[in-house]
There are 2 protein chains.
Amino acid sequence: MSDAVSLVPAAKGAGGRPRSQQIDDALVAATLEILDEEGYPGVSLEAVAKRAGTTRPAIYRRWSGRTALVLAAVAARLDIPSPPDTGCTLCDIDESFNIFLGSYRTISPEVLSALYADCAPDPELRAQYLATIIEPARTAVGHTLDRAVDRGDLRETIDRDLLLDFVGSLIHYRAMFSPEHLGDAEAEHAIEMLLQGAAGDYPALVAHSEALEHEALSGTATRHHHHHKAQQ
Amino acid sequence: MSDAVSLVPAAKGAGGRPRSQQIDDALVAATLEILDEEGYPGVSLEAVAKRAGTTRPAIYRRWSGRTALVLAAVAARLDIPSPPDTGCTLCDIDESFNIFLGSYRTISPEVLSALYADCAPDPELRAQYLATIIEPARTAVGHTLDRAVDRGDLRETIDRDLLLDFVGSLIHYRAMFSPEHLGDAEAEHAIEMLLQGAAGDYPALVAHSEALEHEALSGTATRHHHHHKAQQ
DNA sequence: CAACATACGATACGAACCGTAATGTAATGA
DNA sequence: TCATTACATTACGGTTCGTATCGTATGTTG
């Protein structure tokens with residue numbers, strides 16, 4: 001569980017009866033229970049309120065609606081990951097896969113996809129989803145990658161954010177669309193491909209492509225929509 | 001537009017008044033219009049029926065509900081991509097990115113994420129979503145990758161499906177969570193990283209990791225959760 | 001201690017959908 | 001012709017939503 005800070009939007013003025021923290025907690029807990037037992041579609045505000053021993057208006061006093069409530073509940077369960085730092089780049093990246101996997105292990109991809117779908121149309125909720133669920137893992141793994149670059153283990157010219165996207169997106173994709181999460185053996189394969197590269201001889205591929213491009217420029221029909229920057 | 005085959009589940013018996021193809025088409029068209037104008041949340045069956053000039057029961061005669069309707073409508077708009085085959089591996093993979101992008105350009109990631117969220121809990125709809133929206137692009141790009149392997153442009157030991165996942169997942173991820181789709185320049189970066197690899201010296205990283213592992217095995221405290229297969 | 005402001009439980013209301021059922025009429029095939 | 005199914009129309013019961021209205025409880029401020 002992360003810090004209890006701001007799971008609930010702050011109350012309005014200072015005066016008056018303060019909100020019950022117990023109700024805050026009970027609502028979040030009830031939401032998580034229902035998510036686990038019945039999934040996202042089972043979360044009706046009536047059901048949440050009933051299980052929490054309170055009523056619907058109490059929810060609306062705290063959140064703008066179902067989506068915001070679920071987002072807060074999910075955030076309450078997620079850990080803030082800390083970046084691996086073993087000094088061994090391969091091991092660190094291996095651990096990084098687990099960091100990305102963390103969200104999907106504790107929440108269930110079905111819930112996350114439904115939650116995101118509801119968040120996406122609203123800029124504020126969408127930003128909150130990204131900040132809560134996507135960013136922490138990226139930040140942690142990002143630090144790890146930075147250290148690997150500092151050590152000189154990764155190419156200097158590397159696009160760090162892109163590498164981050166590759167790792168994060170693969171795990172997200174597999175969580176959503178595959179029957180099973182990425183296993184250890186597959187993770188190792190993935191790391192190998194990312195670090196070693198898929199090409200047998202990359203410079204040769206570039207050379208070939210450029211040769212075709214010149215050929216195309218000199219008047220013939222073959223089309224090449226894709227352009228190469230000069231190799232450094 | 002793909003083939004009109006089986007956009008609508010087949011009618012029951014042979015006898016009786018046949019379904020109106022015009023109504024089929026009008027419903028699909030109305031659904032797509034509403035998706036474009038108001039997004040997924042705007043698609044109520046009442047609204048679709050009204051715009052199509054018919055009524056709700058006519059929808060239920062054809063589909064099991066809103067999710068199946070939208071899935072059919074989306075499928076109607078998607079092209080079945082054909083695999084690039086220019087003989088230039090770099091160019092083909094570049095085109096492959098565009099194939100994956102195709103779905104997200106014609107449908108809007110918000111709609112797709114909401115649709116998937118609704119499909120996911122139902123095994124049949126989920127399978128249909130995968131077969132309709134995910135698989136065609138994968139199949140097309142898969143053929144392209146196979147040819148690249150045949151040409152010897154990719155490592156022989158490569159995991160073709162994993163490479164497919166890397167490309168597909170990156171584009172999916174960016175479509176969902178980034179403000180903008182992957183651009184040409186970024187795609188080129190991505191291809192470069194995938195083919196060339198991110199490591200400066202991959203064998204050295206493996207060697208280092210293995211050295212640490214031996215050290216750990218010989219009794220000291222350092223933990224290594226990750227195991228290496230023998231290098232071939 | 002008094003006044004005020006807000007949360008709380010309980011309840012109710014209108015609106016929007018949903019999924020289905022019941023009509024009578026239209027269109028096809030046997 | 002007769003059986004069968006689609007069609008438009010209308011209606012029903014059910015669920016959930018978001019909000020409103022109470023009287024009561026629990027704090028803070030003067």
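Proteins come first, then strands; the chains are lettered A, B, ... in the order of their sequence lines, and each starts at number 1.
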By a strict heavy-atom criterion of less than 4.0 Å, which residues belonging to residues 53-66 of chain A are in contact with DNA chain D?
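The answer is A:Arg56, A:Pro57, A:Tyr60, A:Arg66.
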
A:Gln22 CD: over 12 foreign heavy atoms closer than 6.0 Å
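Not buried by this count: 12 neighbours or fewer within 6.0 Å.
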
Counting only heavy atoms not in B:Glu180 (residues, nucleotides, ligands), do more than 12 fall under 6.0 Å from its CD?
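No - once you tally the heavy atoms of other residues, nucleotides and ligands closer than 6.0 Å, there are 12 at most.
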
Output a table of nitrogen or oxygen pairs between the protein and nucleotides 26-28 of chain C separated by less than 3.5 Å.
unit_1: C:dA26; atom_1: N3; unit_2: B:Arg17; atom_2: NH1; d: 3.2

Please state how far atom [atom1] in [X] lies from atom [atom2] in [N], giving the value in whole angstrom units.
X       : N      : atom1 : atom2 : result
B:Tyr40 : C:dC17 : OH    : P     : 14 Å
A:Lys50 : D:dT15 : NZ    : P     : 12 Å
B:Gln22 : D:dA8  : CD    : C1'   : 16 Å
A:Ile23 : C:dT6  : CD1   : P     : 18 Å
A:Glu46 : C:dA12 : CD    : P     : 13 Å

Tell me whether the rings of B:Phe177 and A:Tyr129 are parallel (<30°), tilted (30 to 60°) or perpendicular (>60°).
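Rings of B:Phe177 and A:Tyr129: parallel, under 30°.
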
Taking salt bridge (Lys or Arg N to Asp or Glu O under 4.0 Å) as the definition, give me every residue that meets it alongside [X], ordered by chain and number, with sequence neighbours left out.
X        : result
A:Arg155 : none
B:Asp146 : B:Arg160
B:Asp161 : none
A:Asp165 : A:Arg138, B:Arg174

Given A:Asp92 and A:Thr86, is the side-chain hydrogen bond (donor to acceptor under 3.5 Å, both in side chains) satisfied, shown in steps?
CA-CA 6 Å; A:Asp92 283 356; A:Thr86 63; 2.7 Å; yes

